[in-house]
Structure formats: structure tokens, C-alpha cells
Amino acid sequence: MRVGMPHMGNIYIPFKALFQRLNIDFVIPPVSNQRTLSLGVKYSPEGLCIPFKLTLGNLIEAAELGADTLLMPGGYGICRLGYYAKTQEQILHDLGYNVEMIQVGVSEKKLFGILEMIKHLSNNAPWSKIISAFRFGLTKLNALDKVERVVQKVRARERIKGTANHLFAKAVKAIDRADDYDTLKKVQTEYIDQLNQVAKFTQAQPLLVGIIGEFYVVLEPFSNLDIENELGKLGVEVRRRLFISEWTKFSLFLNPLGVNETDRIHKAALPYLKRDIGGDGWESVGEKVLHAKEYDGLVHLAPFTCMPEIIAQNIMPKTKEVIPVLTILCDEQLAKPGTLTRLEAFVDLLERKRRSKDRQQRVLV
Ligand code: SF4
């Protein structure tokens with residue numbers, strides 16, 4: 001058995017650590033690129049969303065590298081994601097790849113469901129080994145996300161553009177290479193320190209923009225033209241709720257206190273949307289309501305034809321909590337020059353708004 005899986009940001013790093021510790025034979029397809037997209041688009045039904053097309057491209061590339069067991073996120077929710085693994089398996093069979101697809105999803109078994117799947121992949125490794133490998137993977141995931149949060153802050157303030165990105169790329173490689181907890185901790189601390197020491201414009205009060213929207217396009221930079229980085233270049237600090245380490249906490253583990261950030265977001269959305277509509281549509285509405293006073297603006301990332309985000313996009317202008325929202329529809333037609341022009345215009349608008357707010361406050365004083 002040789003295992004392969006699609007990309008989504010740096011998620012391959014914790015999985016790689018897990019597979020290595022359990023001696024699971026695996027391949028990592030090339031990081032998503034133009035070829036991945038072309039393959040996905042070529043073999044997908046036209047109207048499907050970009051997560052389907054890009055992950056299909058990744059899976060084809062994994063199969064080309066000899067993977068015969070493919071992991072694909074799935075779900076039992078309202079969105080069509082639940083059908084993707086089956087449909088992609090059929091497409092791969094039609095293309096002549098003899099692969100078995102395993103759907104990785106959160107069931108009512110929560111963490112135990114994932115651990116059972118790992119046990120199957122590892123040819124029945126002992127539970128103690130599985131839990132230890134899973135824990136190490138999770139620690140890598142936390143380290144990646146902790147460093148990335150600092151990068152989001154530094155990008156907006158750095159004197160030499162690109163310094164934070166450069167350090168982040170090095171940190172990702174070092175976290176990937178770390179083979180024990182001590183090294184991992186050291187790497188995390190070292191890179192956070194280096195990021196904090198980057199020369200910055202100390203007086204800068206960057207615009208604060210929240211990134212909201214569908215899980216995959218928020219977390220896979222290739223699908224959104226690396227929008228966080230582009231905003232950073234424009235001197236904007238980006239905040240996002242979606243980090244896989246956070247998602248893992250509330251999706252896989254029982255929450256003894258019963259309240260988490262997602263509950264708060266759902267509650268905020270209630271006056272406008274009373275239930276889950278699949279994907280992240282409910283969360284997009286709730287985040288707009290919740291962060292309207294806190295952020296200068298929101299960038300809403302929505303895959304073209306994604307029903308949950310289309311609903312959210314139509315509700316957002318009607319809420320009484322007001323904040324500028326730029327919706328970007330992500331698909332294979334999304335091009336850099338047009339997107340950058342829209343981002344620049346949006347940032348311009350937010351700057352003017354901030355200046356006029358400051359003026360009003362000075363008059364009041
Ligand atoms: S939430 Fe939207 S984009 Fe994501 S898988 Fe479902 S339909 Fe596709």
C-alpha cells in the first residue's frame with residue numbers, strides 16, 4: 001500500500017511526520033501548481049468548485065507517483081463535499097488508476113474515527129504507537145500555526161518586504177525536518193524570536209483585515225493567489241479564524257467547557273441565519289457580525305458555485321453590523337492582475353475610511 005493525499009497549505013507536514021513514525025509508505029504530490037489545476041479542470045465536471053478540481057489534480061499527481069490508497073477529506077454535512085471522494089475515485093478509475101479512496105471525515109466518533117483510519121493504514125500498529133505518532137503530528141501542526149500567526153503580524157510592519165515570508169519558508173522546512181519534541185520546540189521558539197526581531201515600522205498602525213470564507217480556499221494559498229501575502233505587501237495585517245490546529249481542537253476533541261469560538265460565531269449569525277447551510281456559510285455570516293467593530297474590512301473567499309458561500313454573500317449586505325466586505329470568487333479563471341487591482345482599490349477605500357474616522361474623532365475631542 002502506498003498512501004497519497006491532496007494538499008491544503010502545510011497540512012502535509014504533520015501527516016508526513018505521522019506516516020514516517022508508523023512506517024507507512026507514502027508520497028506527497030508536488031505543491032499545487034498550474035499543472036495540478038490544469039489536470040483537475042480537465043477531468044472535473046465544469047460546474048464543480050475549485051476545491052474539487054485542485055484536489056483531483058493533486059490526487060492524479062499522487063497516483064502518477066505510485067499511490068494506490070488516497071486520502072480525501074469528506075463530510076456528512078449539507079455541502080456536496082461528502083460526494084467528492086466517491087466521484088473522484090470514479091474519475092481516477094476511468095483514467096486507468098487502480099486506486100482505493102479513503103474518506104477522511106469527522107464522524108460522531110470524533111478523534112477515535114481518525115485513529116481507526118490510521119490503524120488501518122499502518123497495518124494494525126499498536127495503539128500506543130499510533131497515539132504517540134498522532135500526538136507528534138499534532139505538535140508539528142501547532143508549531144506551524146503558531147509561527148504563521150506571528151508572520152501575519154510582521155508582514156504588515158516589516159521594513160524590508162519579503163523578510164517574514166523568507167523566515168516563514170525556512171521555519172516550515174525546519175519544522176518539517178524536526179524529529180523530536182525538543183528540536184521542534186527549539187525551532188518554534190527560534191523562528192518566532194527571529195520574526196519578532198525583524199526591522200519594522202514601529203509607528204505603523206496597519207489596517208486590520210479579516211479573511212473569512214470557505215475552509216479550503218482560505219487555507220490553500222494557490223487557490224486564492226496567496227491573498228494574505230498580497231495584503232501583507234500592501235501593509236495590511238491579516239487575521240483569520242481558520243487554522244487547522246484550531247479546527248482540530250473543536251472538531252476532534254470533546255470540549256469540556258462546551259463553548260468555543262465557533263459557537264460564538266454561530267450565535268452571532270442567528271439573527272440572520274438560523275442554521276447550518278453547509279460548508280462555512282454560517283460562519284462567514286457570523287464572523288461578519290462578530291468582527292464588524294473590530295476590523296477595518298473583510299475579504300470573503302468563496303469558491304465559484306459554492307452554495308453555502310453564495311448564501312452568505314447575499315446575507316452579508318443586509319446585516320445591521322456594517323463593515324466593508326470584498327468577496328473574491330475563486331476558480332480557475334481567477335487571475336493575478338485583476339485580483340491585485342481589486343485588492344488595492346479595497347485597501348484604498350479602507351484607508352480613506354480610517355482617515356475620515358480619525359478626523360471625526362479628533363473633532364469630537
Ligand atoms: S463548501 Fe463549497 S467549495 Fe467547499 S466543498 Fe462545499 S460546495 Fe465546494
Side-chain angles (χ1 to χ4, degrees), residues 5-9 11 32 36-37 39-60 70-92 101-107 210-228 240-244 246-248 250-251 262 265-266 269 272-273 275-288 298-316 325-334 339:
M5 58 180 283
H7 280 284
M8 189 171 65
I11 187 75
S32 296
T36 319
L37 182 60
L39 281 171
V41 169
K42 185 169 174 191
Y43 296 113
S44 301
E46 191 190 351
L48 280 180
C49 51
I50 195 78
F52 182 97
K53 292 175 181 171
L54 267 176
T55 52
L56 178 65
N58 291 144
L59 295 174
I60 294 173
L70 300 172
L71 308 183
M72 177 62 198
Y76 306 93
I78 303 158
C79 144
R80 53 192 174 175
L81 176 71
Y83 301 110
Y84 283 2
K86 206 71 216 139
T87 317
Q88 289 173 329
E89 185 177 49
Q90 189 60 55
I91 294 172
L92 284 155
M101 201 77 124
I102 296 183
Q103 186 162 308
V104 187
V106 180
S107 63
I211 302 283
I212 60 170
E214 193 265 350
F215 200 81
Y216 179 88
V217 288
V218 168
L219 291 172
E220 172 51 50
F222 182 75
S223 71
N224 63 37
L225 302 177
D226 208 358
I227 217 142
E228 287 195 18
R240 84 172 120 92
R241 168 188 60 95
L242 283 174
F243 277 91
I244 303 182
E246 288 300 315
W247 176 87
T248 311
F250 71 80
S251 301
T262 311
I265 290 166
H266 290 164
Y272 310 102
L273 188 58
R275 66 173 182 90
D276 185 14
I277 49 168
D280 301 87
W282 202 11
E283 289 78 9
S284 292
V285 174
E287 283 199 80
K288 188 206 165 187
L298 295 170
V299 171
H300 173 218
L301 296 175
F304 183 55
T305 75
C306 169
M307 180 270 291
E309 297 304 333
I310 293 172
I311 297 176
Q313 186 189 359
N314 282 283
I315 293 175
M316 280 195 265
V325 180
L326 173 69
T327 295
I328 295 186
L329 294 177
C330 304
D331 72 354
E332 61 270 29
Q333 311 292 345
L334 190 68
T339 310

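Every number for a ligand or one of its atoms is a count from 1 in the order of the listing. What you are looking at is a predicted structure, and each value in this text was computed from that prediction instead of being measured.
- Geometrically, R80 does not engage Y84 in a cation-pi contact defined by less than 6.0 Å to the ring centre and at most 45° from the axis.
- Looking at F52 and P45, their side chains come closer than 4.5 Å, going by heavy atoms from C-beta outward.
- Residue P303 approaches ligand 1 through these ligand atoms, each under 4.0 Å from one of its heavy atoms: 3 (S).
- The heavy atom nearest to atom 5 (S) of ligand 1, out of those in G281, G74, C79, is found in C79.
- One finds the SG atom of C306 at 9.0 Å from the CD1 atom of I311 (value rounded to the nearest 0.5 Å).
- Within ligand 1, counting atoms from 1 as listed, the ones closer than 4.0 Å to a heavy atom of G279 are 1 (S).
- The shortest heavy-atom distance from R80 to ligand 1 is under 4.0 Å.
- What sits closest to atom 2 (Fe) of ligand 1 on the protein, heavy atoms only, is C306 SG, 2.3 Å.
- Between Y216 and C330 there is no side-chain heavy-atom pair separated by less than 4.5 Å.
- Remark: minimum distance from atom 4 (Fe) of ligand 1 to any protein heavy atom is reached at E214 OE2, 2.3 Å.
- Put simply, C49 gets within reach of atom 8 (Fe) of ligand 1, with an N, O or S atom under 2.8 Å from it.
- Taking every heavy atom of both residues into account, L56 and Q88 meet most closely at N-NE2, 3.5 Å.
- Within the 4.0 Å heavy-atom criterion, the part of Y84 lying near ligand 1 is the side chain and not the backbone.
- Neither side chain, Q313 nor H300, offers a donor N or O lying under 3.5 Å from an acceptor on the other.
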